[in-house]
Amino acid sequence: MAEPSGASRDPEAVSRFVEHFAAQLVEAGMQRMPARVFGALLASDAGALTSAELGEQLQISPAAVSGAVRYLSQVHMVSREREPGSRRERYRVHGDQWYEALTNREAVIKRWEDALRDGVTGLGADTPAGRRLEETLAFFEFVEKEVEAMMGRWRVHREERFGRE
């Protein structure tokens, strides 16, 4: 699938961006292959590529693409879709992928909070470990409320800047 943009693209510039951005994601803790696949999807004008296109662009095996996409799907950074009239899948990155990835972390934070509450109860709120767990719990409760408020402000800002989709 060729990029739909009328503008010509410099494949070297695209490759440099993909590898540089992927390196930043790896530095932040993401595995290398998912970072490269995400960078390639992000740099694609269509925002979607097939497994074969990703493999060709990144010079990686179908298995590497599959593993990377599986991880990226699990963390809500890409979605799978069928090509119309085909059995082939395309992998898509959305404009709101950061929003989705961050807000989907809420369930993880809630599980951490539950575990910390149990820990405070089990260890005793008056013990040094219990107080440490209670402070950690308070931190995650604070972060959860701040992220929720920030996401609301982001939706307003995004609409003002980019319009409704």
About how many Å separate [atom2] of [Y] and [atom1] of [X], when rounded to the nearest 0.5 Å?
X      : Y      : atom1 : atom2 : value
Glu148 : Ile109 : CD    : CD1   : 11.0 Å
Leu54  : Arg90  : CG    : CZ    : 12.0 Å
Glu12  : Ser15  : CD    : OG    : 6.0 Å
Asp126 : Glu134 : CG    : CD    : 10.0 Å
Arg36  : Leu58  : CZ    : CG    : 4.5 Å
Met151 : His157 : CE    : NE2   : 11.5 Å

Does some side-chain heavy atom of [Y] sit less than 4.5 Å from a side-chain heavy atom of [X]?
X      : Y      : result
Glu89  : Ser51  : no
Val37  : Ile60  : yes
Arg92  : Leu41  : no
Pro128 : Arg131 : yes
Met77  : Met30  : yes

Cluster check [X], [Y]: I/L/V/M/F/W/Y, side chain < 4.5 angstrom:
X      : Y      : answer
Leu49  : Leu42  : yes
Val69  : Phe21  : yes
Val26  : Val78  : no
Val147 : Val156 : no

Apply the test side-chain contact (heavy atoms from CB on, under 4.5 Å) to residues Arg132 and Leu123: give CA-CA distance (whole Å), side-chain angles for both, the deciding distance (0.1 Å), then the verdict.
CA-CA 10 Å; Arg132 188 170 45 254; Leu123 297 175; over 6 Å; no
Candidate pair Glu56 and Glu53, rule side-chain contact (heavy atoms from CB on, under 4.5 Å), full reasoning
CA-CA 5 Å; Glu56 182 181 327; Glu53 290 165 338; 5.8 Å; no
For Arg80 and Tyr91, indicate whether the former's side chain and the latter's backbone hold a donor-acceptor pair under 3.5 Å.
no
Does the Thr121 side chain pair with the main chain of Arg117, one donor and one acceptor, at a distance under 3.5 Å?
yes
Arg82, CZ atom: more than 12 neighbouring heavy atoms under 6.0 Å:
yes
Heavy-atom count check: over 12 atoms from other residues, nucleotides or ligands less than 6.0 Å from Glu19 CD?
yes
Between Asp114 and Arg111 (salt bridge meaning N to carboxylate O under 4.0 Å), is one present in this structure?
no
Any Lys/Arg nitrogen of Glu144 or Lys110 sitting under 4.0 Å from an Asp/Glu carboxylate oxygen of the other?
yes
Taking all atoms of both residues into account, what is the closest heavy-atom pair of [X] and [Y], and its distance?
X      : Y      : result
Ala40  : Gln57  : CB-NE2, 3.7 Å
Leu116 : Phe140 : CD1-CD1, 3.7 Å
Ala43  : Val14  : CB-CG1, 4.1 Å

